[in-house]
Amino acid sequence: MKTIRTPAELEELRGSLAREQDPARRVISLCGGTGCRALGSDSVFEALVERIEAENMGNQVTLRMTGCPGFCEKGPLMVIQPEGIFYHGVKVDEVPEIVTRTLTTGEMIDSLLYVDPSTGEKIAYEREIPFYKKQRPLLLEMNEKIDPTSITDYIALGGYGSLSKVLSQMTAEEVIDEVTEAKLRGRGGAGFPTGLKWRISREAPGDTKYVVCNADEGDPGAFMDRAILEGNPHRVLEGMVIGGYAIGADEGFVYVRAEYPLAAKHLAIAITQAREYGLLGKDILGSGFDFDVQIRLGAGAFVCGEETALMASIEGRTGEPRPRPPYPSQSGLWGKPTNINNVKTWGNVPIIIENGADWYAELGTEGSKGTKIFSVVGKINNTGLVEVPMGTTLRQLIFDVGGGIPNDKEFKAVQIGGPSGGCIPKEHLDTPIDYESLTELGAMMGSGGMVVTDEDTCMVDFARFFMNFVQDESCGKCVPCRLGTRAMLEVLTRITEGKGQEGDMKYLAELGQQIRASSLCGLGQTAPNPVLSTLRYFPDEYEAHIRDKSCPAHVCRPLIQYFIDVETCNGCGRCLRTCPAEAISGAKKERHVIDQDLCIKCGSCQEVCRFDAVIVE
Amino acid sequence: MTTLTIDGRQVEALRGSTVLEAARENHIEIPTLCYHEALEPYAGCRLCVVELVTPKGSQLVASCVYAAEDGLVVKTNSGIVQESRRMTVELLLAAAPKAKVIQDLAAEMGIEEPRVSLGDSDCILCGLCVRACKEIVGANAISLVNRGFAKEVKPPFEIGSNACTGCTTCVLVCPTGAIKLEDVLDSRSVHRWESDFEARECKICGDHYLAPEFAPDLKELLGEEEV
């Protein structure tokens, strides 16, 4: 491959790649994201390759292992073009049929089609599935269209066109103006205006400057950044080169956690390819601008997502935060001005440059522009990644896109913003998703993790889970975070064990306020949010644990007991055989009894009982 | 010079100084635990927090690292400052109930019993020993290891480090007396770091000094001769 030296050469390459593509050609996109691979898409891919070869169809069909299209719940996912046929849950033994029927004649295989749970009807095309209908994919749009390990796939769809435009037609100031006018705000969670951050970095004195991409995504249940790096690493790189040009940096780092091996691999491939094509390195597209990117792997500390700890880690020091100011844009890596943005923020940049600030600023709300990606997990039907315009309400997101709560259970609350975020209860479901509204409710936008809970979730136990996470991930440098989060965990633990005391709620609230006000970094300052928000919206549940020693959701084991109902039990013996503690006794066809001293409260008896005879109290 | 307002008083401070330095320069007392004027500030103990008053509202900042800039308005003992310090001391008391320096601070604030128990450590992880060993001695014989509640100060791999020179700077700087020095006959031990040395007693003053082979500088100083 020869290096692309000018914007014209890039356009020429794009044109020739586009001409090679036959719009009527059959293209199979199989999701190769971590989720679908875990469900077996690797073997499906191998089987497809073999079968296509065996059928001698290699020159009629393009097979692509792509990034994540979002509907992780139903993986492995497959989309077949040109029709846009959507298959889900594809298994190896279904491959021959897919090849012989769908690939040859376009005939659909009924059993692989998605069934709309609300109507019971089968839906053949991706674009008609409710999960996709209300989304507005910008960042995720290309994920199912390209092979992330192929730079030409990206270029064919206009990739690096924004970079070319920036380098040939725009000054650095104009780039910053464009990003400022688009009103892009940091997608890492805090929502700082990106254009302003870039301007501060640009105006900071010094010749050496750096840009950093924060890909240390660590929130439990969050995988937005992973999906982007796995599925479309070039978009992030393109954003970083544009950012480097705008602020005057010639070196960039991507800090990606080592637990994301596929993301790191695809990114490394992308960097190598971009260098080969002259899109990274010296004199990019003949502009005289030099820029290169290196990868740094994080070693598994959540706190390294905090920008000052992240920089310490890149420098080779212990990943501990330091006080701000000075902010990284004034004094960052090795004391030089450093512009740190999240993966999604960088990914938005080429989109803004391509479509213009006005176009971008039309999406979203007054204060929050563009789209937002959430990873929706927990008690929800359509687990996966969704991208919606800012301003979409929580109800639309959870019920229309997310498909609501499984098993006809009732929605209870949604935790937004991970361990730094808060729980939002059902009375606020019509809140539009934007930075300010969520903060007002005691949550935060955060990076995009969203955990849905239902009536069977105990909110005290839920808060305890997040507190356990943050106290474990606290770096331990400052007292309020190291000891305060531990104290909150102790109190929450004793409450869930039925040992809560009068005054515990007040103490939790006080601790929370002080940890928030006094901690050194963002981790500590936001760590109490899950507890403070559940205290605010679910005080009754705390009170029930503390005063009545009961867990209304029947979750906290020390506070519940399992009984077998006299009337309903017919003595089938299923529970007796299942009980791992041998706590159940009773003669066949006679009522069974649980010995409370032996019962370990695992709930297995309730799960296996066909007559709903096992009751929890 | 820089002019700022501390507790309603206009004070002057050297350009480049921190709020804590500016306050102390003007005889305004701010309590600290992890601060030492000979060492880089750490901002870990959070006892030195002060209220920074801005048009957008108030916030707490660590005075040991916050730069004293012109026009800054700071309160060192306001309600929110006191509440924050109180919680910090209560937490420290919960984790290190036998540390005299913490007991004294708690007594001053009228804290009797912490509302939780977080163990019985003698170390409050202020990091003074680590910074002294690094910045003053240049030995880097100890460091902070692990994170969160499991954080502690240790020599590398938790075994006596041959980088330790037995200089005892860490012993001197520790606010809780957690690092114990033992000089017995011809030996010196810093038990916490598992450091043991041959140390001779001075024939004149009776103090111990290290055998020259453990402290090369001393060897030079003494010209190979024993005092």
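Throughout, a chain's letter reflects where its sequence line sits, starting with A, and its residues are numbered from 1.
When heavy atoms are compared at a cutoff of 4.5 Å, Tyr66(B) approaches chain A solely by way of its side chain, counted from C-beta outward. Heavy-atom distances place both the backbone and the side chain of Leu125(B) under 4.5 Å from chain A. Interface residue Arg494(A): only side-chain heavy atoms are found under 4.5 Å from chain B. Contact of Leu33(B) with chain A is not made at all, since no heavy-atom distance falls under 4.5 Å. Neither the backbone nor the side chain of Thr318(A) comes within less than 4.5 Å of any heavy atom in chain B. Contact of Ala94(B) with chain A is not made at all, since no heavy-atom distance falls under 4.5 Å. Contact of Gln59(B) with chain A is not made at all, since no heavy-atom distance falls under 4.5 Å. Contact annotation for Glu473(A): both backbone and side-chain heavy atoms come within less than 4.5 Å of a heavy atom of chain B. Only the side chain of Arg46(B) comes within contact range of chain A, with at least one heavy atom under 4.5 Å from a heavy atom of that chain. If you measure heavy-atom distances from Pro326(A) to chain B, you find no contacts under 4.5 Å at all.
For Lys180(B), the NZ atom sits in a packed shell: over 12 heavy atoms of surrounding residues, nucleotides or ligands are nearer than 6.0 Å. The neighbour count for Gln82(B) CD, taken as heavy atoms of other residues, nucleotides or ligands under 6.0 Å away, is above 12. Enclosure of atom NZ in Lys75(B) is not indicated, since only 12 or fewer non-hydrogen atoms of other residues, nucleotides or ligands lie within 6.0 angstrom. The number of heavy atoms from other shown groups lying within 6.0 Å of CD (Glu436(A)) is above 12.
A 4.5 Å side-chain heavy-atom check between Gln514(A) and Glu90(B) finds every atom pair outside the cut-off. Annotation: side chain of Tyr507(A) is in contact with side chain of Val116(B) (closest heavy-atom distance under 4.5 Å). Considering only heavy atoms from C-beta on, Leu511(A) comes within 4.5 Å of Leu91(B) through its side chain.
The CZ atom of Arg115(B) sits 10.0 Å away from atom CG of Asp504(A), with the distance rounded to the nearest 0.5 Å. Atom-to-atom distance recorded for Arg482(A):CZ and Cys45(B):SG is 10.0 Å, nearest 0.5 angstrom.
When every heavy atom of Tyr42(B) is checked against every heavy atom of Leu520(A), the shortest pair comes out as O-CD1, 4.3 Å. Nearest heavy-atom pair across Ser84(B) and Ser518(A) is OG-OG, 2.7 Å. Here the shortest heavy-atom pairing between Val65(B) and Pro323(A) reads CG2-CG, 3.6 Å. Nearest heavy-atom pair across Leu60(B) and Ala517(A) is CB-O, 3.6 Å.
Between chain B and the options Glu510(A), Gln501(A), Glu490(A), Arg322(A), heavy-atom pairs under 4.5 Å are most frequent for Glu510(A). With chain B as the partner, the residue from Gly319(A), Ser474(A), Cys481(A), Cys475(A) showing the most heavy-atom pairs under 4.5 Å is Cys475(A). Ranked by heavy-atom pairs shorter than 4.5 Å toward chain B, the options Leu483(A), Val303(A), Asp472(A) are led by Leu483(A). Heavy-atom pairs under 4.5 Å with chain A peak, among Val49(B), Thr88(B), Leu92(B), at Leu92(B).
Salt bridge Glu320(A)/Lys151(B): present, at least one basic N to carboxylate O contact under 4.0 Å.
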